[in-house]
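Just the heavy atoms: all of them, side chains too, but no hydrogens, waters or symmetry mates, feed the values below.
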Amino acid sequence: MSYTIVWFKRDLRVHDHAPLVNAAQRGSILCLYVIEPSLWQQPDYALQHYRFLQESLEDLSAQLRRCGAELQVAVGEVIEVLARLHAAAPFDRVHSHEETGNGHTFARDRDVARWCGQRGVTWQEWAQHGVVRRLATRNVWSARWQAHMDAPCLPAPDADSLASRGLPWPSAPLPDPGQFGLTSTDPPHRQRGGRGAGRQVFLEFLKTRSKDYRGGISSPITAPTACCRLSPYLALGCLGMREVVQATERRRQRLESQGNPDSLWQQRGLTAFKSRLHWHCHFIQKLESEPALEHQNLHRGYDGLRETEWNDAHFAALVNGRTGWPMVDACVAMLRETGWINFRMRAMLVSVAGNR
């Protein structure tokens with residue numbers, strides 16, 4: 001009897017997980033996460049990302065066990081892993097969420113689609129984050145985003161609905177990050193991964209911190225608590241965008257119905273936050289529709305503007321927080337210690353880097 005592989009990527013949760021729910025309805029499944037060596041050697045990946053992933057996978061494994069399933073971790077390039085699995089115990093379907101990542105993951109997904117097609121394996125993907133694949137015109141995007149966010153969240157499968165199938169090979173331990181060249185320092189005060197940690201951060205924001213969102217997110221002094229701090233949990237899908245949007249709106253409506261004038265500022269903060277969730281998907285949509293943005297200027301008139309002015313010594317001073325500009329060096333120190341700075345300070349650092 002064949003089975004379905006549920007390929008977890010940037011969707012490390014069981015709540016509102018269409019690939020998992022639909023696979024469970026079909027019969028036996030195998031829940032798979034692949035540690036891809038080539039992905040972790042990309043320049044936009046660092047040790048803190050790997051540690052956050054480890055914590056998130058531990059949390060996902062616990063979520064799946066509560067649903068009657070096991071998470072199987074494999075190490076290798078995705079096609080190599082799928083080929084080994086298919087040779088040992090053929091499967092007929094792969095379910096996953098669509099992913100808008102970097103150029104490397106885009107090329108990998110094309111290779112996976114080709115591999116599946118050659119072997120008669122159906123690879124079915126579901127949208128998440130409100131990003132629309134193969135969007136013909138941006139004129140309809142906002143309506144599509146709203147329709148996606150308004151749709152009901154899918155409940156986590158119960159234990160009876162997950163008919164898991166044992167692996168033909170044992171689940172692999174996560175490799176030491178050093179073998180991928182991830183040797184930088186893990187920020188000691190960074191956020192911890194996993195859905196449980198993400199939900200705690202989100203509930204704190206909804207309950208109290210959102211009152212400072214408007215007016216508090218720009219300053220590096222107030223931003224650590226005024227900002228939602230959900231970015232890493234949304235990036236790895238520990239929390240789903242739809243559940244965050246809907247919970248935010250429910251909280252806003254509840255405050256509004258209470259008619260308490262003291263909550264007006266918090267209502268406005270939640271409204272502003274929801275608009276930025278829309279922005280989140282809007283800018284990912286740009287990369288989905290125009291993937292060349294990763295490698296070239298949006299306006300080609302900027303090509304060659306400063307490339308010849310690059311100064312390695314100046315850039316090293318920035319990275320090490322030794323520019324002599326107190327605000328810049330303080331932001332570098334904060335980034336080194338916490339792994340996070342607010343968006344205005346990120347923009348400033350990028351601006352400084354581009355002018356070195």
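- Aromatic pair Phe52/His49: centroids not less than 6.0 angstrom apart.
- Checked against a 6.0 Å centroid threshold, the rings of Trp115 and Trp123 do not count as neighbours.
- Salt-bridge formation is detected for the pair Arg252/Glu256: a Lys NZ or Arg NE/NH1/NH2 atom is positioned less than 4.0 Å from an Asp or Glu carboxylate oxygen.
- Side-chain atoms of Gln191 and Trp340 include no donor-acceptor pair closer than 3.5 Å.
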If you apply the rule side-chain contact (heavy atoms from CB on, under 4.5 Å), what do you find for Cys331 with Met345, and how did you get there?
CA-CA 7 Å; Cys331 286; Met345 298 303 104; 3.5 Å; yes
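- In summary, Asp111 and Arg108 do not engage in a salt bridge, as defined by a charged side-chain N under 4.0 Å from a carboxylate O.
- Phe273 has its ring centre less than 6.0 Å from the ring centre of Phe205.
- Because its NZ or CZ atom is not both nearer than 6.0 Å to the ring centre of Trp265 and within 45° of the ring axis, Arg268 does not count as a cation-pi partner of that residue.
- In this structure, the ring of His97 has its center no less than 6.0 angstrom from the ring center of Phe8.
- Counting heavy atoms from C-beta outward, Leu32 and Val81 have side chains that approach closer than 4.5 Å.
- Between the side chains of Arg242 and His15, not a single donor N or O lies within less than 3.5 Å of an accepting N or O.
- Proximity of Thr4 to Leu30: side-chain heavy atoms (C-beta onward) are nowhere separated by under 4.5 Å.
- In this model, a donor atom of one side chain and an acceptor atom of the other lie less than 3.5 Å apart for Ser38 and Glu77.
- In this structure, the side chains of Trp325 and Val352 come closer than 4.5 Å at one or more pairs of heavy atoms.
- Residues Gln253 and Glu249 bring a donor and an acceptor atom of their side chains to less than 3.5 Å of each other.
- For the pair Glu55 and Arg190, the salt-bridge criterion is met [side-chain N within less than 4.0 Å of a carboxylate O].
- Looking only at atom types and distance, the side chain of Asp312 has a donor-acceptor partner in the side chain of Trp310 under 3.5 Å away.
- Ring centroids of Trp145 and His278 are separated by less than 6.0 Å, placing the two rings close together.
- Taking a cutoff of 4.0 Å between a charged side-chain nitrogen and a carboxylate oxygen, Lys9 and Asp109 qualify as a salt bridge.
- Taking every heavy atom of both residues into account, Ala313 and Asn311 meet most closely at N-OD1, 3.0 Å.
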